[in-house]
Protein chains: 2
Amino acid sequence: MQMDDRKLKILQAVIADYISTAQPIGSRTIAKKYKLGISSATIRNEMSDLEEMGYLEQPHTSAGRIPSERGYRLYVDRLMQIRNLSRREQEIIVRELGDRIDEIESIIRKTARILSQLTRYTSLVMNSHISGSRLRHIHFVPIDTNSLVAVIVTDTGIVKNTIIKTADPVSPEYLESLTRAANDKFAGITIGELNRCTESEDYKRLVYRYSLLDTLIPLLAESLNTSRGGDVYADGMSNIFNFPEYSDVNKAKNLLALIEEKEQLMSILNRMGSGKGVMISIGSELDNNCIKDCSLVTATYRAGENEIGRIGIIGPTRMEYDRVVAVLEFITDYLTGMVERQLEE
Amino acid sequence: MQMDDRKLKILQAVIADYISTAQPIGSRTIAKKYKLGISSATIRNEMSDLEEMGYLEQPHTSAGRIPSERGYRLYVDRLMQIRNLSRREQEIIVRELGDRIDEIESIIRKTARILSQLTRYTSLVMNSHISGSRLRHIHFVPIDTNSLVAVIVTDTGIVKNTIIKTADPVSPEYLESLTRAANDKFAGITIGELNRCTESEDYKRLVYRYSLLDTLIPLLAESLNTSRGGDVYADGMSNIFNFPEYSDVNKAKNLLALIEEKEQLMSILNRMGSGKGVMISIGSELDNNCIKDCSLVTATYRAGENEIGRIGIIGPTRMEYDRVVAVLEFITDYLTGMVERQLEE
DNA sequence: GTTAGCACTCTCCTTTATAGAGTGCTAACC
DNA sequence: GGTTAGCACTCTATAAAGGAGAGTGCTAAC
């Protein structure tokens with residue numbers, strides 16, 4: 001069987017209609033609604049072909065057709081036209097996100113919120129492992145005699161603090177001097193290198209002078225790796241009830257439970273490629289039973305080479321891909337721009 | 001009509017049964033199941049009395065009875081026996097929460113997670129306005145020539161950092177000196193006082209020496225007030241599907257949407273009293289239409305006089321109040337203890 | 001005051017009937 | 001040969017009807 005232009009037009013019509021109505025669509029409706037200049041009978045024949053080719057399916061005999069996963073795949077790969085965001089939408093994003101680097105925590109939240117508000121789907125935001133980003137600054141701030149907070153600023157604009165208790169009392173002067181020494185030594189290296197540097201001669205010499213360092217650095221490295229390598233944040237969960245596919249309580253529960261399960265969510269997000277631009281996974285492509293009739297659209301934002309984080313939208317396979325892709329592209333561009341402006345300074 | 005012991009026993013039986021089954025319960029069932037030594041006909045009469053008194057209601061004639069809000073109120077005030085947590089549950093809490101003061105962010109999350117896991121309801125955790133807590137330490141850390149991060153540690157163990165960009169370049173030495181001056185001046189005052197101190201003569205003298213301070217302090221005060229005065233975190237949202245009362249998708253949606261609406265959630269949490277111990281609001285007592293058939297159980301944890309935060313459980317009015325109260329009490333005690341140990345040091 | 005008995009009520013579930021939408025096939029048409 | 005009209009057939013969704021079951025309220029007896 002040959003795919004031709006007319007078939008594509010019909011497929012597009014079915015997908016467009018189904019995305020907006022969630023109802024199986026029949027040949028007569030297409031003929032009336034989409035003025036393709038052919039009769040319903042012809043459309044019927046073409047649809048039958050499209051079904052045979054795997055792009056459409058029937059919920060049951062004598063219902064209309066709905067797109068199959070393969071149909072959506074063809075649509076997002078070849079048919080879909082990415083809409084531009086309206087001026088108003090762009091303004092909302094710029095206003096809400098602001099233009100200053102903030103605590104990573106707060107950017108994540110704002111981004112998640114905007115994403116879900118603009119798309120009306122559930123949004124996911126994750127910040128990646130930061131093992132590739134570089135230490136710009138490290139500072140040890142005394143709290144009291146036996147505790148201090150280590151403040152770390154990376155070149156990607158992330159600020160992270162870790163509270164550390166020490167066995168022996170430390171003086172503020174000691175910490176000041178330690179801060180200076182640590183900056184001299186560590187500024188510019190990556191978080192990953194920080195992990196490994198405890199072997200080096202240089203490091204050992206420094207520990208000789210500042211014995212505290214030997215407890216601090218491993219603690220820091222650990223805290224940077226675990227806690228920052230895994231923040232996922234979701235917003236707009238209640239949006240899933242906008243879609244009839246989740247009027248079945250069990251389906252809704254499954255999806256929500258998965259979204260609350262940060263670990264799993266992360267692994268799914270990480271499994272998505274991290275190529276340039278927006279990635280789309282449809283239904284079973286996600287390879288997870290709980291969301292086998294969901295689609296996930298993600299995008300990565302980065303600073304230079306380094307992946308900083310990923311943002312995404314999860315929703316029914318019948319998703320407004322064109323809109324979602326447009327929003328994601330705009331926001332990743334914006335975030336990337338923000339980080340880059342930060343780097344230039 | 002007089003409330004007597006037998007009526008109370010029957011009421012208790014109805015409530016206990018309804019809490020576990022979510023089914024209206026009839027006189028025959030009570031007679032069989034709860035061996036009160038009286039016949040179903042007698043129970044029928046008593047239940048009729050209890051309904052007249054407003055403690056029970058009938059979904060429709062010839063269904064069994066269910067507790068009314070007033071019934072629950074009587075139950076939680078007089079009938080309920082608070083169970084102790086099992087050894088195992090206590091261990092889970094202690095293990096998961098750990099015993100070190102961490103970033104506030106992370107404590108909130110952990111607490112929310114444990115609460116929802118132990119109770120199987122949706123948990124809410126909020127940290128209160130910190131205007132009453134005292135500055136223990138303030139530190140200005142340079143990032144680059146035109147930006148710095150202000151790290152603030154309060155006596156309640158909260159660590160908060162704020163990134164600030166400056167119009168004019170600042171040197172690390174300047175910041176060091178500023179840090180010393182600011183600590184001399186501000187250590188020990190409350191966040192609320194920090195807001196107001198910009199009027200004082202002392203402050204003006206300091207600004208004369210460190211002009212940067214005049215932009216820093218207002219920014220800090222604002223960031224401490226807004227961002228920290230309003231973090232709410234919810235976990236276990238998907239738990240609401242464990243309850244048949246939310247098998248109606250619309251109800252589930254309403255509740256979830258409310259929970260995602262931080263502003264509203266906060267105002268509801270704040271409206272709950274902050275007395276010692278656990279507070280319970282049942283149904284319409286919450287005075288919010290979206291959750292008019294929910295109950296909210298909250299507890300406040302504090303450091304000395306200062307309220308640090310509130311934790312709570314939201315679920316159907318048919319809630320396992322005894323269990324929930326026990327869990328909340330244990331966790332607030334634990335959190336309070338943690339903070340107090342921190343203060344002593 | 002308590003209880004057995006019974007008629008009555010109301011919901012919930014199943015069964016049955018019907019309308020509606022859509023298909024596939026056949027035969028006619030350009 | 002592709003396209004179209006017509007029609008029988010299929011399947012779902014919705015409404016209506018008919019019990020079964022659970023529970024009540026009332027009365028009369030204990």
Side-chain angles (χ1 to χ4, degrees), chain A residues 1-11 13-15 17-18 21-68 71 244-245 247-249, chain B residues 1-11 13-15 17-18 21-68 71 244-245 247-249:
Chain A
M1 194 108 34
Q2 192 67 20
M3 181 59 101
D4 58 25
D5 200 52
R6 193 169 71 184
K7 282 198 176 59
L8 283 178
K9 280 210 177 95
I10 292 174
L11 180 60
V14 173
I15 292 181
D17 210 79
Y18 188 66
T21 65
Q23 294 296 324
I25 180 170
S27 51
R28 245 177 78 85
T29 321
I30 292 187
K32 274 192 292 184
K33 216 160 152 184
Y34 292 87
K35 316 244 179 263
L36 300 177
I38 43 179
S39 78
S40 70
T42 311
I43 295 177
R44 218 149 37 235
N45 290 331
E46 295 286 42
M47 282 170 92
S48 179
D49 289 353
L50 283 167
E51 182 171 0
E52 209 174 305
M53 293 159 84
Y55 296 114
L56 294 180
E57 45 196 40
Q58 272 183 303
H60 54 86
T61 5
S62 90
R65 302 298 207 296
I66 61 175
S68 69
E245 26 272 273
S247 56
D248 175 1
V249 179
Chain B
M1 192 110 32
Q2 193 66 24
M3 181 59 102
D4 57 26
D5 200 55
R6 194 170 69 182
K7 281 196 176 58
L8 282 179
K9 279 211 177 95
I10 292 174
L11 180 59
V14 173
I15 293 180
D17 210 80
Y18 189 66
T21 66
Q23 293 298 324
I25 180 169
S27 51
R28 245 177 78 85
T29 319
I30 291 188
K32 273 191 293 185
K33 212 159 153 187
Y34 291 88
K35 315 242 179 268
L36 299 178
I38 44 182
S39 78
S40 70
T42 311
I43 295 175
R44 223 156 25 240
N45 291 330
E46 295 284 43
M47 281 169 94
S48 180
D49 290 352
L50 283 167
E51 182 171 1
E52 210 174 306
M53 295 160 84
Y55 296 114
L56 293 181
E57 46 195 40
Q58 272 184 303
H60 52 85
T61 7
S62 91
R65 300 310 207 287
I66 61 175
S68 68
E245 26 272 272
S247 56
D248 175 1
V249 179

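Order of the sequence lines fixes the chain letters, A, B, ..., with proteins taken first and strands second; residue numbering starts at 1 for each chain.
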**OP:** Figure out the CZ/C1' separation between Arg65(B) and dT9(C), and round it to whole Å.
**Re:** 13 Å
Original post:
Which part of the nucleic acid does Ala63(B) contact within heavy-atom distance under 4.0 Å: base, sugar-phosphate only, or nothing?
Top reply: sugar-phosphate
**OP:** Please report, rounded to the nearest Å, how far the C1' atom of dA28(D) is from the CZ atom of Arg44(B).
**Re:** 14 Å
Subject >> Nucleotide nearest Ile38(A) (side chain, heavy atoms from C-beta), chosen from dT23(C), dG25(D), dT4(D) >> reply: dT4(D)
Subject >> Approximate separation, where rounding is to 0.5 Å, of Lys9(A) NZ and Ile38(A) CD1 >> reply: 9.0 Å
Original post:
What distance do Leu50(A) atom CG and Arg65(A) atom CZ have between them, rounded to the nearest 0.5 Å?
Top reply: 8.5 Å
Original post:
Which one, dA5(D), dT24(D), dT23(C), comes nearest to the side chain of Ser27(A)?
Top reply: dT23(C)
Subject >> Interatomic distance, Gln23(A) CD vs dG20(C) P [rounded to whole Å] >> reply: 17 Å
**OP:** Answer with base, sugar-phosphate or nothing: what part of the nucleic acid does Thr29(A) contact at a heavy-atom distance below 4.0 Å?
**Re:** sugar-phosphate
Original post:
Under 4.0 angstrom, heavy atoms only, what part of the nucleic acid is Ser40(A) near: base, sugar-phosphate, or nothing?
Top reply: nothing
Original post:
Arg28(A) near the nucleic acid: base, sugar-phosphate alone, or nothing, with a heavy-atom cut-off under 4.0 Å?
Top reply: nothing
Subject >> Atom pair distance, as rounded to whole Å: NZ in Lys33(A) and P in dG22(C) >> reply: 11 Å
Original post:
Between atom CG in Asn45(B) and atom C1' in dA4(C), what is the gap in whole Å?
Top reply: 12 Å
**OP:** Taking Glu57(A) for its side chain and Ile66(A) for its backbone only, find out whether a donor-acceptor pair lies under 3.5 Å.
**Re:** no
Subject >> Heavy-atom side-chain contact between Met47(B) and Lys7(B) under 4.5 Å >> reply: no
Original post:
To the nearest Å, how far apart are Gln58(B) CD and dC8(C) C1'?
Top reply: 14 Å
Original post:
In Å, rounded to the nearest 0.5 Å, how long is the span from CD1 of Ile15(B) to OG of Ser68(B)?
Top reply: 8.0 Å
**OP:** State which of dC10(C), dT3(D), dA4(C) makes the closest approach to the side chain of Ala41(B).
**Re:** dA4(C)
Original post:
When the C1' atoms of the five terminal pairs at each end define the local axes, what inter-axis angle does the helix from dG1(C)-dC30(D) to dC30(C)-dG1(D) show, to 10 degrees?
Top reply: 20°
Original post:
With distance as the sole criterion, do the side chain of Ser62(A) and the base of dT10(D) form a donor-acceptor contact below 3.5 Å?
Top reply: yes
For residues 27-37 of chain B, which side-chain donor-acceptor pairs fall under 3.5 Å, sequence neighbours excluded?
unit_1   : atom_1 : unit_2   : atom_2 : d
Ser27(B) : OG     : Arg44(B) : NH1    : 3.2
Lys33(B) : NZ     : Asp17(B) : OD1    : 2.7
Tyr34(B) : OH     : Asp17(B) : OD1    : 2.7
Lys35(B) : NZ     : Lys32(B) : O      : 3.4

Original post:
In whole angstrom, what separates His60(A)'s NE2 from dC9(D)'s C1'?
Top reply: 14 Å
**OP:** Using the closest heavy atom to pick a nucleotide of DNA chain C for each, name whichever of Ser39(B) or Thr61(A) lands nearer the 5' end.
**Re:** Ser39(B)
Original post:
Nearest-Å distance, CD1 (Ile43(A)) to P (dG24(C))?
Top reply: 13 Å
Subject >> Distance (rounded to the nearest 0.5 Å) between Gln2(B) CD and Asp49(B) CG >> reply: 11.5 Å
Original post:
Distance check: side-chain N/O of Thr42(A) vs OP1/OP2 of dT4(D), anything under 4.0 Å?
Top reply: yes
Subject >> Minimum heavy-atom distance between Tyr18(A) and Pro67(A), given as atom pair plus value >> reply: CD2-CD, 3.5 Å
